[in-house]
Undergrad: 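I am attaching a structure below and will ask some questions about it afterwards.
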Amino acid sequence: MLQLQVLRENKDAVCQALKKRNFDAESILDTVLELDEKRRSIQAKLDNALAESNKLSKEIGMLYKSGKAEEANLLKAKTAELKESSKQLSEDLNEAAEALQQNLYQIPNVPHQSVPAGNSDEDNEEIFREGDVPKLNEGALPHWELAKKYGLIDFELGAKITGAGFPIYKGKGARLQRALISYFLDKNTDAGYFEVQPPLMINEASGYGTGQLPDKEGQMYHVQEDDLYLIPTSEVPITNMHRGDLLAEKDFPIAYTGYTPCFRREAGSYGAHVRGLNRLHQFDKVELVRIEHPDASYKALDGMVEHVKDILRDLKLPYRILRLCGGDLGFTAALTFDFEVFSTAQDRWLEISSVSNFETFQANRLKLRFKDKNGKSQLAHTLNGSSLALPRVLAGILENYQTEDGIKIPEVLKPYCGFDIID
RNA sequence: GGAGGAAUGGCAGAGUGGUCGAAUGCGGCAGUCUUGAAAACUGUUGAGGGUCACACCUCCGGGGGUUCGAAUCCCUCUUCCUCCGCCA
């Protein structure tokens, strides 16, 4: 959620910047500023009424004390009128404030200046590429074939007990997945991230805090009986740990890592690109979350990008980094770098990590602030990134490491796996 | 599931109808002392709205009510704690 003050002072600049997202903000910004104006004018009237009535109350108290009950009763009659009008004003105020809030929720984050304009993923800007694409033998298979051939993942069995998109990992497949989780967590904690295991369900307030609600209501599984949502990413519970906090500057940087399953309804997905591990309803992910001083957040973002690079170098997977264009940028992000691994057997790039700076967009909803040097409270910056999303890393490993003898295990994972080939 | 107790500023913790946005301690900030630091001492320090700046308004878990007036009384919801029961 954008800050009202920013909108008041920089309406045109905001409007201009949102065009990169193909979001025409002109009319909604006008509405917001109008409602803001309205809210403030009602507030002023209400404040005056309340001030008057506070004053009278004090006088009445004094009069009673000095035994002048009759005069006190005269004043009481006056307060009754004020009460009536302030009640009405208070209702009007709530109405205006609510309308203002609802409109603010509709406006996406302002893209960082470096974000290129564009409509879709085709306009994303490749900024880095590294790693050799292996030359595979004739008849190399996509991962879903490999998973079947070596008995690593059973999609049909998962479909039987739950539905499509809920696979069962088996044997060495399950072990490799567990190895990856352990390796990622070790790598992250070594880099200074503090490990947490958050809840897998969140309440409504948390959903609003990080921006999944009301924007992506339909993307989350909702448990109606208890009004809880299954997390689409651990970004939600982890970032919300600091909802409402007023931090000190010395608390920065705050850095977490956590492993959780993630649940996404993925309504509307279909086709060959959702085959196998490419798109699931339940998948595992190790996440990074940072809370930073505004002056340090972009440096921190670069640090996260370097960290993820380091992991992919370890795994020796060919990858590239994209700077997302305005049209592909998430609702809450100011700047996002996507990491994609090249899947040789599928001959396509698979997104395996997304690293973003949300600046104050989430913090404003979360009321996540800190005291600056002058003793003023201001909003912190929040960031997050995947390190990494498991299924597509698994797909990338299976496909890129396949040989005629079987699937080799990347060197760094061998200690975690306890075997060095799947055959 | 049953019975009790509790929720106050960054933290701890007083406050049971009016001058309480709220004692005190810790923490933070500024200063004195010191070569420097620590300690000690002095001052200062809740958040949000509003204003050019003041004024002023709101906030003592959330919502509602009583009253001229509520942190304080009543209702309700939520959360936490203690005891009992059940349980991976």
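Chain naming here is simple, since letters A, B, ... match the order of the sequence lines and numbering starts at 1 in each.
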Undergrad: B:C11 and B:A47: how far apart are their C1' atoms, nearest whole angstrom?
TA: 16 Å
Undergrad: On the nucleotide B:C56, are OP1 or OP2 found under 4.0 Å from the side-chain N or O atoms that A:N54 carries?
TA: no
Undergrad: What does A:D245 touch in the nucleic acid at a heavy-atom separation under 4.0 angstrom: a base, only the sugar-phosphate, or nothing?
TA: nothing
Undergrad: Atom pairs under 3.5 Å, N or O on each side, protein against nucleotides 7-12 of chain B: can you list them with distances?
TA:
none

Undergrad: Check whether more than 12 heavy atoms from other residues, nucleotides or ligands sit under 6.0 Å from atom NZ of A:K316, and answer yes or no.
TA: no
Undergrad: Rounded to whole angstroms, how far apart are CD on A:Q3 and P on B:G49?
TA: 10 Å
Undergrad: So, are A:D24 and A:K19 salt-bridged, with charged N and O less than 4.0 Å apart?
TA: no
Undergrad: Measure from CG on A:D36 to C1' on B:G49 and round the result to the nearest Å.
TA: 11 Å
Undergrad: So does A:N203 get a side-chain nitrogen or oxygen closer than 4.0 Å to the phosphate oxygens (OP1/OP2) of B:U78?
TA: no
Undergrad: Quick check on RNA chain B: between A:L50 and A:S377, whose nearest nucleotide comes earlier from the 5' end?
TA: A:S377
Undergrad: Which pair of non-hydrogen atoms, one from A:Q402 and one from A:A345, has the smallest distance, and what is that distance?
TA: NE2-CB, 3.8 Å
Undergrad: What is the separation between atom CG on A:L228 and atom C1' on B:U78, rounded to the nearest whole Å?
TA: 13 Å
Undergrad: With rounding to whole Å, what would you report as the distance between B:U72 and B:A3 at their P atoms?
TA: 26 Å
Undergrad: Using a strict threshold of under 4.0 Å (side-chain N to carboxylate O), is an ion pair present between A:E81 and A:K78?
TA: no
Undergrad: May I ask you to verify if any side-chain N or O of A:R369 is less than 4.0 angstrom from the OP1 or OP2 atom of B:G46?
TA: no
Undergrad: Which dot-bracket notation, 5' to 3', represents the base pairing of RNA chain B when pairs are defined as Watson-Crick or G-U with both distances under 3.5 Å, crossing pairs as [ ], and inter-strand pairs as |?
TA: ((((((((.[[[..)..(.....]]]((((((.......))))))((((......)))).[[[[[..)....]]]]])))))))....
Undergrad: Among residues at least two apart in sequence or on other chains, which ones pass ring pair (Phe, Tyr, Trp, His ring centres under 6.0 Å) with A:F155?
TA: none
Undergrad: How many Å lie between CG on A:D47 and P on B:C54, as a whole number?
TA: 16 Å
Undergrad: Using whole Å, report how far CG of A:L368 lies from P of B:G48.
TA: 13 Å
Undergrad: Would a line drawn from the ring center of A:F252 to the ring center of A:F370 be shorter than 6.0 Å?
TA: yes
Undergrad: Rounded to the nearest angstrom, tell me the gap between atom CG in A:N48 and atom P in B:G49.
TA: 19 Å
Undergrad: C1' atom, B:G62 versus B:G10: distance in rounded Å?
TA: 22 Å
Undergrad: Listing request: all side-chain hydrogen bond (donor to acceptor under 3.5 Å, both in side chains) pairs with a residue in residues 98-112 of chain A, at least two apart in sequence or in separate chains.
TA: A:E98-A:Q102, A:Q101-A:Y105, A:H112-A:S114
Undergrad: What is the distance from CD of A:Q43 to P of B:A55, rounded to the nearest Å?
TA: 16 Å
Undergrad: I'd like to know if the side chain of A:R392 reaches the main chain of A:I352, judged simply by a donor and an acceptor atom lying under 3.5 Å from each other, with no hydrogens or angles considered.
TA: no
Undergrad: Do A:K11 and A:D30 meet the salt-bridge criterion of a basic N to acidic O distance under 4.0 Å?
TA: yes
Undergrad: Determine, for A:E145 against A:K148, whether the closest basic-nitrogen to carboxylate-oxygen distance falls under 4.0 angstrom.
TA: no
Undergrad: Mind calculating the distance between NZ (A:K367) and C1' (B:C59) to the nearest angstrom?
TA: 13 Å
Undergrad: With sugar-phosphate meaning primed atoms plus P, OP1 and OP2, does A:K371 contact a base, only sugar-phosphate, or nothing at under 4.0 Å between heavy atoms?
TA: sugar-phosphate
Undergrad: Only counting residues at least two apart or in another chain, list the ones meeting ring pair (Phe, Tyr, Trp, His ring centres under 6.0 Å) with A:Y256.
TA: A:H242
Undergrad: Would you call A:D36 and A:R8 a salt bridge, taking side-chain N to carboxylate O under 4.0 Å as the test?
TA: yes
Undergrad: Can you build the contact string for nucleotides 61-68 of chain B? Use B for base contact, S for sugar-phosphate-only contact, and - for no protein heavy atom under 4.0 Å.
TA: ------BB
Undergrad: Roughly how many Å apart are B:C86 and B:G15, using the C1' atom of each and rounding to a whole number?
TA: 40 Å
Undergrad: Ion pair present between A:D338 and A:R323, side-chain N to carboxylate O less than 4.0 angstrom?
TA: no
